[in-house]
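Both ligands and their constituent atoms are indexed starting at 1 by order of listing. Numbering starts at 1 and runs along the sequence shown.
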Amino acid sequence: MQPQPTDRFGRRIHYLRVSLTDHCNLRCIYCMPVRGLTFVPHDELLNASEIETVVRAAVAIGFDKVRLTGGEPTMRTDLVEIVRRVAAVDGVRDLSMTTNAILLPGIIHDLVAAGLKRVNVHVDTLNPDHLKRVMRFGSIAEIWAGIESAVAAGLSPLKLNCVVVRDYNDADVVDLARLTIDREWHVRFIELMPLGTDECARVAMANFVPSSETRARIRAALGDLTPLPNLDHADESRNFRLPGARGVVGFISPVSEPYCGTCNRMRLTADGKLHLCLLHDTELDLKPALRNGNGHTLDAVQSVLLRGIQRKPTGHRLDEGVHTENRRMFQLGG
Ligand code: SAM
Ligand code: SF4
């Protein structure tokens, strides 16, 4: 097995998050504005074969974990082909996808047959009216049908992601956490991060809820949260168990408890840019290597990946109001 590449800060970088599209069927208030959007033109999107090439190059230098994200990855009509190609790369140990699950029921069996191992489903509340306010389109009935399809297809462990937004869904965290009592699911509560310069970034700053507050609310309603040992040091989630519960309650706290020191990831945007850190603007363009490799494409892509790892920043200055300005969350994939 290839040793995992290490950056300037001694972090082993072996997790590639691949954004497949900047389109989405929802418009979560902190992620994607309703108006004024421009999307990556079709011929600038990486195609399935180019995505496979990047994954091959990444695996050749020591990556072993891949997550497909977006935008909404299920909006790619060639998603099953992408999963099949990525899953077939020898050395991809873990292939998962982050999704709002609305389109999952129609494709889940093909995705599993193609090699998808796990999904994280984004659902901010179980309350139908609150969901309309925070995720704007779609419904809890549709998302729940997607969750059930993933469970029926045997994808495990199922993880649910909830972004906590003051005055929108902060009181609903208890109902989501309660799901872990009877189910072996992981329900994770995520702190808002500001990206870009539009209304989404303003929501992220004005409606921020620290994980400590979410934790206290759950504890007051459902009982003590027992900390669980951190089995994977790069897991960004701090995990707990409710009394007698089968599942896990997690808190992802990039703002109040940054985990930059254990970051192990690189991001690939849908238009082929290597985005070095979610909360910084630095990017390297992989497309010239992919499209003008002149017979040495794999080597050319590997060398951009290695350069990206060496330039990967650490730390952020969110507390000083400094954040990523050029990209928004629906372009980076979380
Ligand atoms: N559409 C899919 C989904 O919603 O899961 C995948 C892409 S979405 C950008 C990936 C994750 O980013 C979501 O699950 C959501 O939890 C998270 N997210 C989006 N905007 C965020 C923000 N401003 N702060 C924190 N997390 C955010
Ligand atoms: Fe779409 Fe996911 Fe962003 Fe919500 S968080 S708007 S579902 S990309």
N or O contact, [X] vs ligand 1, cut-off under 3.5 Å:
X      : result
Glu72  : yes
Phe330 : no
Tyr30  : yes
Met193 : yes
Asn100 : no

Which protein non-hydrogen atom lies closest to [atom], naming both residue and atom, and how far is it?
atom                    : value
atom 9 (C) of ligand 1  : Met329 O, 3.6 Å
atom 17 (C) of ligand 1 : Val163 CG2, 4.1 Å
atom 4 (O) of ligand 1  : His122 ND1, 2.8 Å
atom 6 (C) of ligand 1  : Gly71 O, 3.2 Å
atom 11 (C) of ligand 1 : Gly334 CA, 4.2 Å
atom 5 (O) of ligand 1  : Thr98 CG2, 3.0 Å
atom 25 (C) of ligand 1 : Glu191 O, 3.5 Å

Residue portion contacting ligand 1 (non-hydrogen atoms closer than 4.0 Å) for Thr99: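 Answer for Thr99: backbone.
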Residue part near ligand 1, for Asn161, under 4.0 Å between non-hydrogen atoms: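 Side chain only.
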Check the side chains of [Y] and [X] for a donor-acceptor pair under 3.5 angstrom, ignoring hydrogens and angles.
X      : Y      : answer
Ser96  : Arg67  : yes
Thr269 : Asp271 : yes
Thr197 : Arg328 : no
Thr125 : Asn169 : no
Asp64  : His14  : yes

Between Phe39 and His23, ring centroids under 6.0 Å: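 Centroid distance Phe39-His23: below 6.0 Å, so yes.
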Matching residue for Asn100 among Glu142, Glu72, His122 - test: side chain to side chain donor-acceptor pair (under 3.5 Å):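 Option passing the side chain to side chain donor-acceptor pair (under 3.5 Å) with Asn100: Glu72.
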Single hit among Glu191, Arg166, Glu213 for side chain to side chain contact (heavy atoms under 4.5 Å, CB included) with Phe208: Glu191
Passing candidate, side chain to side chain contact (heavy atoms under 4.5 Å, CB included) with Ile190, options Thr214, Asp124, Asn161: Asn161
Mutual orientation of the aromatic rings belonging to Trp144 and Trp185 [parallel < 30°, tilted 30-60°, perpendicular > 60°]: tilted
Main-chain N/O of [Y] paired with [X] side-chain donor or acceptor, under 3.5 Å:
X      : Y      : answer
His280 : His275 : no
Arg17  : Gly334 : yes
Glu50  : Asn47  : yes

Partners meeting salt bridge (charged side-chain N to carboxylate O under 4.0 Å, His left out) with Arg217 (sequence neighbours left out): Asp170
Sub-4.0 Å atoms of ligand 1 with respect to non-hydrogen atoms of [X]:
X      : answer
Thr69  : 6 (C), 7 (C)
Leu192 : 24 (N)
Gly333 : 9 (C), 10 (C)

Residue-atom pairs from the protein, N, O or S only, that lie under 2.8 Å from atom 1 (Fe) of ligand 2: Cys24 SG
Contact check, Ile190 vs ligand 1, heavy-atom distance below 4.0 Å: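 For ligand 1, residue contact (heavy atoms, under 4.0 Å) with Ile190 is present.
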